[in-house]
Every structure is written in C-alpha cells, then in structure tokens.
Amino acid sequence: MSASLVMGEVLSRKKQGEDYYSLTVVAPAVAESVAPGQFVNVRPVGRTAHILRRPFSVYRVHKQGGWASTFEIIFDIRGPGTEELAALDVHDKLDVMGPLGNGFRLPKKHSRCLLVGGGIGAAPLFFLAARLREAGHRIDVVLGARTSELLLNAMDARRLASICRITTEDGSAGDTGVVTDVLGPTIERCGSEVVYTCGPHAMLEAVAGVCGAAKLPVQVAVEELMACGFGVCMSCVIPLRVRRKKGGSGSGGVLYARSCTEGPVFDGSQVIWSDHIAAPDTIDLASELVPPPAAPPRAQHVPAGAGAEHSPPGN
Amino acid sequence: MSASLVMGEVLSRKKQGEDYYSLTVVAPAVAESVAPGQFVNVRPVGRTAHILRRPFSVYRVHKQGGWASTFEIIFDIRGPGTEELAALDVHDKLDVMGPLGNGFRLPKKHSRCLLVGGGIGAAPLFFLAARLREAGHRIDVVLGARTSELLLNAMDARRLASICRITTEDGSAGDTGVVTDVLGPTIERCGSEVVYTCGPHAMLEAVAGVCGAAKLPVQVAVEELMACGFGVCMSCVIPLRVRRKKGGSGSGGVLYARSCTEGPVFDGSQVIWSDHIAAPDTIDLASELVPPPAAPPRAQHVPAGAGAEHSPPGN
Amino acid sequence: MTRPSLAVDLAGIRLKNPVLAASGTFGAGREASGFVDIARLGGLITKSMTLEPWKGKPTPRMCETPSGMLNAIGIQNRGVAHFISEDLPWLVRRKATVIASIAGNTVDEFAGVAARLAAAGGGIAGVEVNISCPNLEDRDNMFAHSEAATARVVSEVKRALPAVPLFAKLSPNVTSVGDIAAAAVAAGADGLSLINTVLGMAIDVNTRRPKLAGTVGGLSGPAIRPIAVRAVHEVHRAHPGVPIIGQGGISSAADALEMILAGATAVAVGTANFINPRSALEVAGGLSELMASHGAATVAELVGAVELVG
Amino acid sequence: MTRPSLAVDLAGIRLKNPVLAASGTFGAGREASGFVDIARLGGLITKSMTLEPWKGKPTPRMCETPSGMLNAIGIQNRGVAHFISEDLPWLVRRKATVIASIAGNTVDEFAGVAARLAAAGGGIAGVEVNISCPNLEDRDNMFAHSEAATARVVSEVKRALPAVPLFAKLSPNVTSVGDIAAAAVAAGADGLSLINTVLGMAIDVNTRRPKLAGTVGGLSGPAIRPIAVRAVHEVHRAHPGVPIIGQGGISSAADALEMILAGATAVAVGTANFINPRSALEVAGGLSELMASHGAATVAELVGAVELVG
Ligand SMILES: Cc1cc2nc3c(=O)[nH]c(=O)nc-3n(C[C@H](O)[C@H](O)[C@H](O)COP(=O)(O)OP(=O)(O)OC[C@H]3O[C@@H](n4cnc5c(N)ncnc54)[C@H](O)[C@@H]3O)c2cc1C
Ligand SMILES: Cc1cc2nc3c(=O)[nH]c(=O)nc-3n(C[C@H](O)[C@H](O)[C@H](O)COP(=O)(O)OP(=O)(O)OC[C@H]3O[C@@H](n4cnc5c(N)ncnc54)[C@H](O)[C@@H]3O)c2cc1C
Ligand SMILES: Cc1cc2nc3c(=O)[nH]c(=O)nc-3n(C[C@H](O)[C@H](O)[C@H](O)COP(=O)(O)O)c2cc1C
Ligand SMILES: Cc1cc2nc3c(=O)[nH]c(=O)nc-3n(C[C@H](O)[C@H](O)[C@H](O)COP(=O)(O)O)c2cc1C
Ligand code: FES
Ligand code: FES
C-alpha cells in the first residue's frame with residue numbers, strides 16, 4: 001500500500017435523501033489506486049477547532065476518458081467534522097490522505113458474494129459491488145437501516161444485486177427488522193460463498209455470528225476512532241485472535257491490530273467482539289497477524305486492488 | 001450606551017485596493033444607534049480555533065429609505081480573525097455586538113475640525129467626518145500611511161475635507177514622511193480648533209504631543225487588545241492621568257481605564273503614552289474618570305451619538 | 001413528563017439553576033446587565049476583590065491561543081469597600097445571587113476582606129476564595145500550590161465570615177489537586193471551585209517578547225475543558241460529599257452536563273461570557289432540554305454520574 | 001546574506017535541523033516513510049518501548065477536544081527486543097537520527113530496556129526516558145510526579161546506558177516542573193524533554209461514559225502549547241545550561257520558534273504528525289525562512305532569546 005497526501009478539489013456536493021451528503025473529489029492519485037474497503041482521511045483547509053482528519057470509506061470512483069479521476073464519499077452529519085464537509089462548495093480544496101487500509105479481498109474464481117450493509121456503513125459495499133461485478137461475480141445484497149430514509153442507495157443496490165433484501169427497523173421499507181433477521185434465509189437462497197459486511201459494530205458482530213455458524217467466510221469492515229489513519233498512533237486497534245505466523249516466533253494469541261493499517265477489513269471470525277471495550281486477558285504481541293482466511297472454501301481470493309497487501313503490525 | 005447582540009447579515013464584501021477589505025452588514029439595531037468612534041465586536045458563525053470576537057471601528061453607516069440600515073467596517077488582514085472575515089460571502093451571518101465604547105465628542109458650536117488618520121486606523125474618521133459635515137462643521141484632514149496602497153480612501157478624504165494633506169513614508173503619494181511632519185503647519189493654516197485622531201499608537205502619541213504643545217484639544221481613539229469589548233475582562237486598559245471627580249472622594253492620580261468602555265476615545269492629554277507597557281507607579285483607583293475636557297476652548301461639545309455617555313469605570 | 005428541575009442546593013445555597021458566571025468574567029454584573037437579566041442567572045461570582053484597590057498588571061494583558069486565551073490582568077479591582085458601597089446594593093436591587101470572590105497577597109488581607117464582607121451584613125450568598133494569588137509571605141508561591149497556605153487562608157476567612165458557605169478555588173497547576181482539596185476541606189471549606197486558569201505563556205515571534213506584559217498568564221477557554229473535567233472528577237471521587245463549582249472551558253449545555261457528570265454540583269461559565277454575555281443563561285436553558293432528553297428530573301441525580309468502565 | 005544554518009548541537013548530538021518527531025506519534029518511522037524521507041528529519045524519537053511487549057489499554061483510546069486530543073494508548077509496543085531486531089536496523093539503513101524512548105513500570109524495567117539498548121551496540125543517538133508512566137512500586141503515582149522517583153530512574157538508566165545523551169521527559173502535571181528538572185539533572189540527565197501530555201478527561205454526555213476506556217488520558221495538540229511554552233521557559237531560566245527538547249502543540253515554524261525563544265534547543269512535533277506526516281520537515285523548512293527574515297544565522301542564538309520586559 002502506498003498512500004498519497006494530495007490536495008483534492010470538490011467537483012460536486014450532493015444531498016442524498018434527508019440525511020446523507022456525498023462529495024465527489026478530484027484526486028487522481030487516490031482515485032486511481034484505491035480499492036474497495038480502503039478509506040481516505042480528509043480535512044478541509046482552514047483553521048478549525050477540531051484538528052484531526054476524518055476517515056471515510058470510498059463509496060465510488062469515477063474514471064472518465066479525458067477527465068481527471070474522482071472518488072466519492074458519502075456520509076451523515078455526526079459532529080463538527082462532517083458538518084464542515086457538508087458545507088463545502090464546488091471548487092473548495094480538500095486535503096486528502098489515501099488510499100489507506102487494506103481493503104476487501106476479492107474472490108479469485110467466480111463466486112456468489114453476499115454484501116450486507118447497515119445504514120451509512122454500507123458505503124464501501126457499493127464500490128465493492130462495482131468491482132465484483134466487473135470481475136463477473138454474482139452479487140446479492142442485504143441492506144438495512146433504522147428507517148427508509150437512512151437506507152443507503154437502495155436503488156443502486158437493487159440494480160447491482162441478483163437478489164436484494166431490504167430491512168428497516170420501523171418497517172418503512174422492506175421487511176421490518178434488522179439485517180440478521182433475514183441473513184440466514186438469504187444465504188441459503190443465494191447459495192452465498194462469501195459475505196462482505198460493513199455497518200455498526202453490533203451488526204457486524206451479529207453477521208459474523210451467523211456466518212460463523214454457517215461456516216461461511218466473512219470479511220468485516222470496522223470503523224474505529226482514528227487519530228492518524230496511517231498506523232502510528234495506535235488508537236484504532238481492535239482485538240483479534242491470531243495464529244502463529246509460518247516461521248514466526250510467536251505462539252499466537254490475542255493481538256490489538258490497527259484497524260487503519262491491518263484493517264479496516266478483518267476476518268470476521270478473528271475479531272473478538274464481546275471483549276471490545278475491555279482489554280484482552282492474554283496477549284501475545286510477538287505473534288504476527290496473518291492475512292485472514294477470507295477465501296471461500298470453493299474459491300481463492302486476490303487482494304481487491306493493486307498493492308492492497310496485508311502488512312504485518314509494526315510495518 | 002446600550003449595545004445590542006444581533007445576528008447581522010453580510011450585504012456586500014469588497015476588496016479596497018491591494019490590502020483592505022470592507023464588509024457591509026445589515027444590522028439596523030447597531031447601524032441606527034452607532035456614533036462615530038464607537039466600534040462593533042464581531043464573530044463569524046462557526047467553530048474556529050480562535051474563539052474571541054474581533055473589534056472594528058464603524059467606517060460608515062448607510063440608511064436608505066425602505067432598506068434595512070447597514071454599517072460598514074474596513075480592515076486589513078492581520079491574523080486568523082481578519083482572514084476569516086475577508087472570506088465571508090454575501091448573505092453569510094455575522095454575530096455582532098455593538099455599538100460599543102464611548103465615541104468621539106462632537107463640537108456643539110461650529111468648529112474647524114482637523115482629522116488625523118494613519119493607515120487603516122483612519123477608518124472611524126470617515127464616519128466622524130460624515131457626521132461633522134452633517135452638523136455643518138469645517139473639516140480638514142491629514143491622512144498618512146506607509147505607502148500609497150495603504151492610504152485609506154484618499155478620494156473620500158479629499159471630497160470631505162476643505163484642506164487634505166496626504167503623507168506616505170515612501171513618498172508614493174503626497175508628501176514624503178509621516179503625518180506629524182505636516183501637522184503643525186496644517187493646524188496653523190486651517191486654524192484648527194479641535195483634533196480627532198486614530199491610528200498606530202506611536203502616531204497617536206506624536207499627534208497628542210503636537211496638540212499639547214499647541215494647546216489644542218485632541219481626541220484620540222486607541223486600539224487595545226480586547227477580550228470582551230464590553231467592560232468585564234479588564235484586558236484593554238490604558239493608563240490615564242485623572243482628576244478628582246467633583247464631589248468624589250479620590251485625590252486624582254493614575255487610572256487604568258478600559259478602552260472598550262471609558263474609551264476607545266480619550267482625551268489625548270490624559271493618556272500616559274510612554275508608560276504604556278509598564279505599570280504606572282502610583283495609581284488611585286478610587287478616583288473617578290471624568291469625561292475628558294475635549295471641548296475646544298471656543299466651542300462646547302455634545303456626545304457624538306444619543307446615549308454615548310461616558311460611564312465611570314466599574315460601571 | 002414534567003419539566004426537569006434545574007434548582008440545586010450548593011452547600012446550602014439554593015440556586016435556581018446550576019450555571020453561574022465565573023469570577024473575573026462578568027465584573028459585578030453591571031456591564032452584562034444590558035444583555036441579560038442577571039436575576040435569572042444561577043448566580044454571579046464577582047471579580048475577585050481585595051482589601052485595597054489593586055491596579056493590576058501592565059498591558060498587554062491578554063492574548064488568544066488555540067481554543068483559548070491567556071490573561072494576566074493582575075486582579076485589577078477597586079477594593080472591597082467600593083464593592084460594598086457601590087456594587088452590592090445594586091446587585092441586591094437586581095435580585096442577583098451573589099458569590100463574592102476574594103483575593104489577597106497575605107492571609108491577613110484575605111481575612112480583612114472577609115471581615116468587611118461580614119460587617120456589610122448580608123447580600124451575598126457565598127464567598128469564593130481565590131487562592132491562585134502570589135503569596136508574598138512565601139516567595140510569591142501561589143497559596144493554592146501549598147496545602148498549608150491553602151488551609152491557613154481558608155480557616156482565617158471562615159473565621160472572619162462564618163455566615164455563608166465558603167468555596168476554595170483551586171489551581172490545576174499542582175501535582176495533586178486532591179491533596180489541596182483535602183487541606184481546604186479540613187480547614188473548613190464548604191465547597192470547592194475548580195479549576196482556576198492553567199499557567200501558560202505565549203511569545204510573539206516577531207518582537208520576541210512575551211505576548212503578556214506579565215510574561216506568564218492563565219489559560220482559559222475550551223482548550224482547558226478536559227483538564228478541568230479531570231480535576232473535578234478526581235476531587236469528586238476523593239471527596240464525594242463536597243459540592244464543587246466546576247469551571248474551565250464551559251460554553252454549551254453539553255459542556256456543563258459533562259462537568260456535572262464528572263462531579264460538579266454547579267458550573268461556572270467564564271471565557272464564554274466574553275463572546276456571548278448570555279452564555280450562562282443559554283447554557284442553563286440548554287441543560288434543561290438536555291436533561292429532558294435524558295429523562296433526568298433533577299440535577300442532583302446527574303452529579304458525578306459518569307459511568308466508569310471496569 | 002547567507003542562508004541560516006539549522007544545525008544544532010543537542011547535548012552532544014549533532015542534528016541537521018532542530019525539528020524531531022515526538023515519541024508515540026511517528027512509530028519507528030516505517031509508516032511515515034511513505035510520506036517523508038526520514039533521513040531529512042532533525043531526528044525521530046521512537047514510540048516508547050518497554051522490556052516486554054505491552055498490550056496497551058482497551059479502546060476507545062482517543063478522542064478529540066477543542067484544538068487538541070486526548071489519548072490513553074497505554075504504550076502499546078512490541079518490546080525492546082523487537083525494536084532492536086526489526087526497527088533499529090531499518091532505521092540505520094534509512095540513515096535516521098534516532099532517539100530511543102523507553103518506558104517501564106519499575107526502575108528495573110527502565111534499566112533493563114537501557115541495558116538491552118546498550119548491548120545492541122550503536123544505532124541510536126540518544127535516549128529519552130518517558131517517566132510519565134505509573135510507578136507500580138509507588139501506588140501507581142507517575143515517576144515524573146516525584147523528584148525521588150525521577151532521580152532513581154534517570155540514574156539507573158544512565159548507569160545502564162552511559163554512551164548516549166539521556167533526556168528525561170517531564171510531565172507538566174506537577175506543582176513545580178523546575179524541581180523535577182533539577183532532580184533529573186542532578187541524577188545525570190544530559191537534557192530534558194518537555195512537556196509530555198497534560199492529564200485530561202472527557203465524558204460522552206449521551207452514554208455518560210468517559211470517552212476514553214482508560215478514563216483519564218493525555219491532552220496534546222495546539223491547545224497545550226501555552227502550557228508547554230511556559231514550562232520550557234521556566235525550566236530554561238532555572239537551568240540555562242541544560243538542553244531542552246521542547247514539545248507540546250507545535251505545528252508550524254512560528255510555533256517552533258516560539259518554543260526555541262522560550263528556551264528549547266530542539267523541538268518535537270507530535271500530534272501534528274497525525275494530520276500531516278510531513279509536519280516536522282515542513283516546520284524545519286519554515287523555520288529556516290523565519291530565521292532568514294529575522295536575520296538569525298544559527299538556531300543557538302535564538303535559544304531562550306525571549307526578551308522579558310522589566
Ligand atoms: C475506516 C472508516 C471509514 C468510515 N467511513 C464512513 C463513511 O463512509 N461514511 C460515514 O458517514 N462515516 C464513515 N466513518 C465514520 C466517520 O469517520 C465519522 O462519522 C466522522 O469521523 C465523524 O466526525 P464528526 O466530526 O462529524 O463527528 P465527531 O464529533 O468526531 O463524532 C460524532 C460521533 O460520531 C462518532 N464517531 C466519530 N468518529 C467515528 C469513527 N471513526 N467511527 C465511528 N464512529 C465515529 C463519535 O464517537 C461521536 O459519537 C468511517 C470511519 C472509519 C474509521
Ligand atoms: C476599538 C478598536 C477598533 C478597531 N478598528 C479596526 C478597524 O477599523 N480596522 C482594522 O483593520 N482593525 C481595527 N482594529 C484592530 C482589529 O481588531 C485587529 O486587526 C483584529 O482584531 C486582528 O485580528 P486577527 O485575528 O486578524 O489577528 P490576530 O492574530 O489577533 O493579531 C494579529 C496582529 O494584530 C495585532 N492586533 C490584534 N488585535 C489588535 C487590536 N485590537 N488592536 C491592535 N492590534 C491588534 C496583534 O497584536 C497581532 O500582532 C480595531 C481594534 C480596536 C480595539
Ligand atoms: C480575564 C479573566 C479574568 C479572571 N479573573 C479572575 C479573578 O479575578 N478571580 C478568579 O478567581 N478567577 C478569575 N478568572 C478565572 C475564571 O473565573 C475561571 O475560573 C477560568 O477562566 C476558567 O473558566 P473558563 O475557561 O470558562 O474561562 C479569570 C479568567 C479570565 C479569563
Ligand atoms: C497518541 C499519542 C501517543 C503518545 N505516546 C507517547 C509515548 O509512547 N511516549 C512518550 O514519551 N510520549 C508519548 N506521547 C506524547 C508526545 O510525544 C508529546 O510529548 C505530546 O503529545 C505533546 O506534543 P504534541 O502536542 O505535539 O502532540 C504520545 C502522544 C500522543 C498524542
Ligand atoms: S489511526 Fe493511528 S494507528 Fe490507526
Ligand atoms: S475588552 Fe474587556 S474590559 Fe475592555
């Protein structure tokens with residue numbers, strides 16, 4: 001992975017539905033190298049009281065003959081950072097670091113891929129779906145949100161997916177309930193071979209649980225609080241159960257892996273969900289994180305983008 | 001004095017010459033009550049790392065039948081506050097507190113008034129000139145700056161003044177030198193009865209010196225660093241030689257007066273210029289600040305605006 | 001649902017709401033009264049007053065810093081006599097809840113101010129002892145930096161002015177604010193005010209001079225809020241029964257609630273008054289809404305209610 | 001006019017420029033090396049390393065505050081052995097000027113790390129002793145909060161690793177940073193690093209939980225710069241001969257110059273690296289321009305050159 005630090009320019013800003021904003025940013029160095037699941041860490045230019053960048057998954061990329069490539073992010077307003085991004089105008093500068101993180105691993109052979117997204121968390125799955133489709137995989141989608149207003153781009157999801165299930169907690173669209181209510185049946189019906197998911201922590205845990213029971217490989221994209229986004233601050237860690245590396249000295253154990261560098265995409269079966277808030281009891285930091293066994297049993301995987309290697313912690 | 005706290009709206013933003021910006025702000029409560037020499041303390045809406053308001057003299061006011069009244073400020077970029085103001089757009093909101101401070105005292109009888117301004121500091125003199133003219137006084141002007149680019153609105157000055165002398169340090173316009181070089185002769189030539197001045201501290205001191213020697217009343221508008229602008233923080237003080245108040249208990253002495261409340265306009269003969277940075281040796285805080293004897297010997301003064309009374313410190 | 005009650009009992013003082021104006025940021029109420037009805041404030045802590053008038057420090061006295069400001073005013077004030085004759089009657093007429101802040105350079109000066117206030121016979125609801133003053137009897141070390149000096153000032157002021165609750169205003173510039181708090185409480189403080197400003201300095205790189213004529217000053221504003229929250233939390237845990245006036249960087253209702261959750265019974269708004277003299281009132285209003293959305297009926301149930309993990 | 005020289009002598013270490021990357025904000029250089037040539041940095045202070053790997057604290061480990069951030073990482077690191085076998089050779093290859101930061105919970109742990117580094121035989125230019133760690137032998141009080149504990153750590157580390165200059169990294173959370181500095185210098189510190197983060201805390205008012213799983217954390221970033229400048233100024237005046245690595249909130253050349261004028265011989269950029277990993281290099285570049293505009297030929301002539309009034 002080799003991230004750039006570039007000054008992007010806002011090409012367009014759109015309001016999507018009641019709650020979401022999207023920004024399309026001209027930044028060819030980023031747009032042309034980013035892979036699905038990777039993220040950008042951005043900051044408007046100016047003197048604000050909040051000093052840190054803000055991380056966003058890449059939602060889409062656009063390359064059009066003759067035009068500079070752009071990437072698009074989509075977000076909801078949570079605090080000062082997103083408020084300020086939502087107030088940007090066309091031609092405003094945006095300080096962009098990226099692409100960052102590891103990204104999803106794509107299947108090597110034709111696979112039936114199930115994408116499970118919750119709320120705004122579904123953002124990276126649209127970019128992933130586009131790439132999976134280009135590579136000829138079958139895509140099914142489960143998209144959930146609290147209410148229909150918060151469903152991310154259900155239209156696109158329906159277009160991209162062979163089967164698309166929608167859930168809302170208030171029943172304002174699709175089935176009433178949460179994505180995991182329909183997950184098991186959908187996996188069966190679609191014959192899914194690998195699951196990709198992104199959304200709230202609790203949803204990821206539940207999806208990983210269902211997939212674990214079904215012995216299905218599941219790649220989860222987590223969102224941890226990040227100060228740096230490129231691996232130096234150690235604030236974004238997530239506890240993983242890790243195996244001993246081939247030829248490595250460690251014995252395996254629990255590792256706090258950086259979600260900005262070793263992640264944000266992890267093997268759902270490795271993540272220690274329940275221990276999230278408390279420190280793991282034992283930890284073997286000498287062990288190495290090996291790339292998650294994310295390959296579906298029936299298909300091999302390749303990294304989603306050029307250079308999207310998993311780098312061991314400490315790198 | 002009764003200041004308002006209102007949300008103004010930027011009606012227009014102009015660049016004046018190479019270095020100055022002016023903002024015209026819709027804020028009738030302020031524009032209709034402000035008197036020359038008073039100031040506004042403003043802040044753009046938003047979350048910036050600099051938290052305090054920024055004080056600016058009112059440069060002009062505009063009242064036009066049927067339209068909401070506006071005031072105008074003019075400034076140069078010095079730091080983050082002025083940078084942000086310069087970046088405001090039409091229709092942006094501006095949080096305005098004002099009018100603040102005491103303002104210049106206008107002569108009661110017809111007088112020959114000399115206005116001496118340096119650089120951007122000349123701003124309040126244009127508002128003053130307009131009001132003096134409305135009241136039928138004769139106006140002469142000495143306007144100085146480092147270079148012609150930094151002369152504030154020389155065209156207007158020439159239009160308003162019977163006699164207008166321009167000085168620049170580099171000789172790029174008018175006489176080469178500083179305002180005090182031409183001050184003495186101009187006073188003589190115009191038969192000035194009262195001097196009003198605003199500009200850099202060193203200039204004010206020099207002007208006050210010349211006027212003192214000529215026994216001419218001089219009103220100086222100072223610019224001190226202000227945290228609050230309305231009299232509670234005590235950061236903007238300036239040492240004054242004060243007399244005992246009629247009936248008061250103090251014996252007179254030196255007082256740190258608040259330039260935001262007792263000022264920014266002071267009697268130039270009362271200000272202790274050289275002691276500016278060091279604490280005065282003796283200080284009698286029980287003495288009261290009486291309004292400066294700013295009336296020219298041959299003319300009585302009235303406050304420049306309704307309610308622009310001098311309030312004693314502690315009020 | 002009934003509207004939450006903002007009333008609090010602060011060491012025996014009944015406040016209509018828990019949001020006060022902090023000392024030195026609201027004068028004695030007059031200037032701000034053009035913007036806000038001071039009777040509606042939870043209370044007003046006066047600018048610190050001394051036995052004789054203090055002239056204060058030379059200028060410049062303030063500069064701005066990222067999300068904060070430094071000040072070195074030097075407690076310019078017109079003395080306790082002026083307060084009693086001019087300000088107090090006005091405040092009483094305006095029905096303000098007044099906490100008188102007092103300062104001095106010796107224990108006797110503190111006690112002297114307290115005695116004058118006692119002799120004035122009423123009008124003040126409490127006294128805040130600003131011990132972040134140089135102690136002339138101890139090489140100019142701040143009283144607040146020594147347990148012994150803190151205890152001496154507190155006990156002498158309490159002796160001279162036993163009628164109203166006493167709040168010792170602590171400095172964060174110490175190794176253990178809990179130890180100083182303990183000394184103050186043992187000496188008779190009914191409550192604590194914390195924090196006063198954090199020591200800081202700024203240099204103008206163009207002139208190479210300190211931005212403050214006093215060289216070192218006190219840092220205030222949002223920048224110091226995390227420091228204040230931590231100090232309040234630490235002291236509240238060590239002395240859960242002692243009411244605290246939390247202050248430092250509060251400018252919104254959420255900020256106030258954060259301080260209350262950390263352990264403050266009341267809060268004071270300081271630097272924010274400079275930007276908006278209605279801040280304290282707006283914070284109180286917002287707090288009421290925030291409490292409603294939290295389903296809290298009283299402030300008391302929120303005091304120190306942070307949920308610690310593990 | 002000739003271009004000003006940025007080179008400085010820092011307690012015997014020859015730095016090509018006075019701007020370092022601060023401990024814990026630059027890893028051991030690898031991640032940032034994609035953005036910046038680390039050989040061009042004044043130097044790189046590593047993430048603090050301990051005798052055994054430390055797992056660090058649970059998450060959340062950071063939150064943002066006005067013009068700053070709080071962190072409670074808990075010094076997650078892979079231990080000195082990993083540093084020596086993996087990071088150091090890489091750093092040497094990259095020609096980085098390395099100051100190794102070491103930490104521990106007991107004096108022996110500090111000494112143990114120092115002994116390992118000594119045994120590694122070269123590659124590091126200096127050692128920074130991060131004494132802002134809980135001292136398990138003294139009720140978890142920070143070493144940096146006690147003169148005695150500071151002196152013990154410093155003298156044991158110096159004994160184990162006499163070959164390179166030792167910088168004691170002081171905490172601002174003390175009543176007198178000058179006293180702690182004196183203890184460190186007397187115990188053999190060749191220089192001082194100050195300041196480490198300021199203790200702080202933040203509470204999420206919606207969940208009522210601390211924003212950090214560790215409850216209390218360290219405040220860094222522009223918000224604390226005035227606190228750092230004052231600490232550096234105070235210590236430099238008390239110990240003018242002792243070189244200081246000034247840090248706390250530096251993100252621009254003017255910030256660096258301010259710290260140098262206050263008394264720092266070199267500066268370290270911390271939190272600003274998170275926003276821009278090229279910060280240290282850009283600060284150094286800007287400093288050169290600023291020096292030229294000031295007519296300063298060397299950094300040395302600016303150290304402590306603030307002009308005090310009166
Ligand atoms: C790898 C990654 C990818 C992300 N992708 C997207 C995306 O595509 N679209 C999107 O809307 N958001 C995304 N987020 C979350 C986004 O970064 C936060 O919403 C944003 O930083 C909030 O900034 P703020 O200043 O508006 O709010 P803040 O005031 O910083 O925070 C407001 C609230 O949001 C929570 N929050 C802040 N940062 C994060 C975070 N990193 N993860 C989860 N919660 C957070 C805070 O705890 C707080 O409760 C992503 C985060 C990560 C780490
Ligand atoms: C009563 C009053 C009236 C004023 N009227 C005008 C006006 O009409 N037009 C105008 O351009 N400026 C005026 N000023 C000055 C103006 O307030 C400052 O330029 C502004 O606050 C600078 O803010 P900043 O954030 O851009 O710069 P900062 O970063 O705050 O300061 C940059 C530099 O400007 C100096 N400075 C800051 N504030 C002041 C101040 N109050 N007085 C003098 N120097 C200061 C600082 O010392 C520093 O060197 C007035 C000031 C006062 C007190
Ligand atoms: C300009 C200024 C003057 C102050 N004067 C006093 C004072 O006289 N007595 C006192 O106890 N505290 C004084 N303080 C401290 C405040 O009361 C308050 O404790 C501190 O500023 C922290 O709160 P804030 O961040 O909300 O301002 C002063 C603060 C400022 C900014
Ligand atoms: C996330 C983070 C981790 C840190 N880790 C360490 C550390 O391991 N050892 C240390 O001595 N200081 C550590 N620090 C403190 C910094 O080195 C620096 O002294 C402090 O942050 C002040 O500088 P700044 O304001 O420029 O960040 C850390 C700071 C941050 C923000
Ligand atoms: S965000 Fe800094 S290490 Fe991941
Ligand atoms: S600026 Fe606060 S008293 Fe004048």
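Every chain is numbered from 1, with letters handed out A, B, ... down the list of sequences.
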Quiz item: For the residue pair B:Ile51 and C:Thr271, what are the closest heavy atoms and their distance?
Solution: CD1-CG2, 3.9 Å
Quiz item: Does the side chain of B:Leu225 reach to within under 4.5 Å of the side chain of C:Thr59, using non-hydrogen atoms?
Solution: no
Quiz prompt | side-chain hydrogen bond (donor to acceptor under 3.5 Å, both in side chains) partners of B:Arg78, counting only residues at least two apart | solution = B:Asp76
Quiz item: What is the distance from atom CE of B:Met234 to atom CE of C:Met62, rounded to the nearest 0.5 Å?
Solution: 14.0 Å
Self-check item: Heavy-atom contacts under 4.5 Å, residues 65-74 of chain C to chain B
Solution: C:Thr65, C:Pro66, C:Ser67, C:Gly68, C:Met69, C:Ile73
Quiz prompt | Side chain proximity check, C:Gln76 to B:Arg258, heavy atoms < 4.5 angstrom | solution = no
Quiz item: Which heavy atom of B:Tyr256 sits nearest a heavy atom of C:Gly56, and at what distance?
Solution: CE1-O, 4.0 Å
Self-check item: Minimum heavy-atom distance between B:Ala227 and C:Phe274, given as atom pair plus value
Solution: O-CB, 3.5 Å
Quiz prompt | Donor-acceptor pair, side chain of C:Arg61 and main chain of B:Val237, under 3.5 angstrom | solution = no
Practice problem: Go through the atoms of B:Met97 and report whether side chain, backbone, both or neither lie under 4.5 Å from a heavy atom of chain C. | Solution: side chain
Self-check item: C:Ala28, part contacting chain B, at a heavy-atom distance under 4.5 Å
Solution: neither
Quiz item: How many angstroms lie between NZ in C:Lys57 and OG in B:Ser235, if you round to the nearest 0.5 Å?
Solution: 14.0 Å
Exercise. Between chain C and each of B:Cys228, B:Pro80, B:Cys236, count heavy-atom pairs under 4.5 Å; write down the option with the most.
Key: B:Cys228
Self-check item: Within 6.0 Å of CZ in C:Arg116, more than 12 heavy atoms from elsewhere
Solution: no
Exercise. State, to 0.1 Å, how close C:Thr25 and B:Val232 come at their nearest heavy-atom pair, and which atoms those are.
Key: O-CG2, 3.5 Å
Exercise. Any chance you could measure B:Ser2, atom OG, to C:Phe35, atom CZ, to the nearest 0.5 Å?
Key: 8.0 Å
Quiz prompt | CZ (C:Arg278) with more than 12 external heavy atoms under 6.0 Å | solution = yes
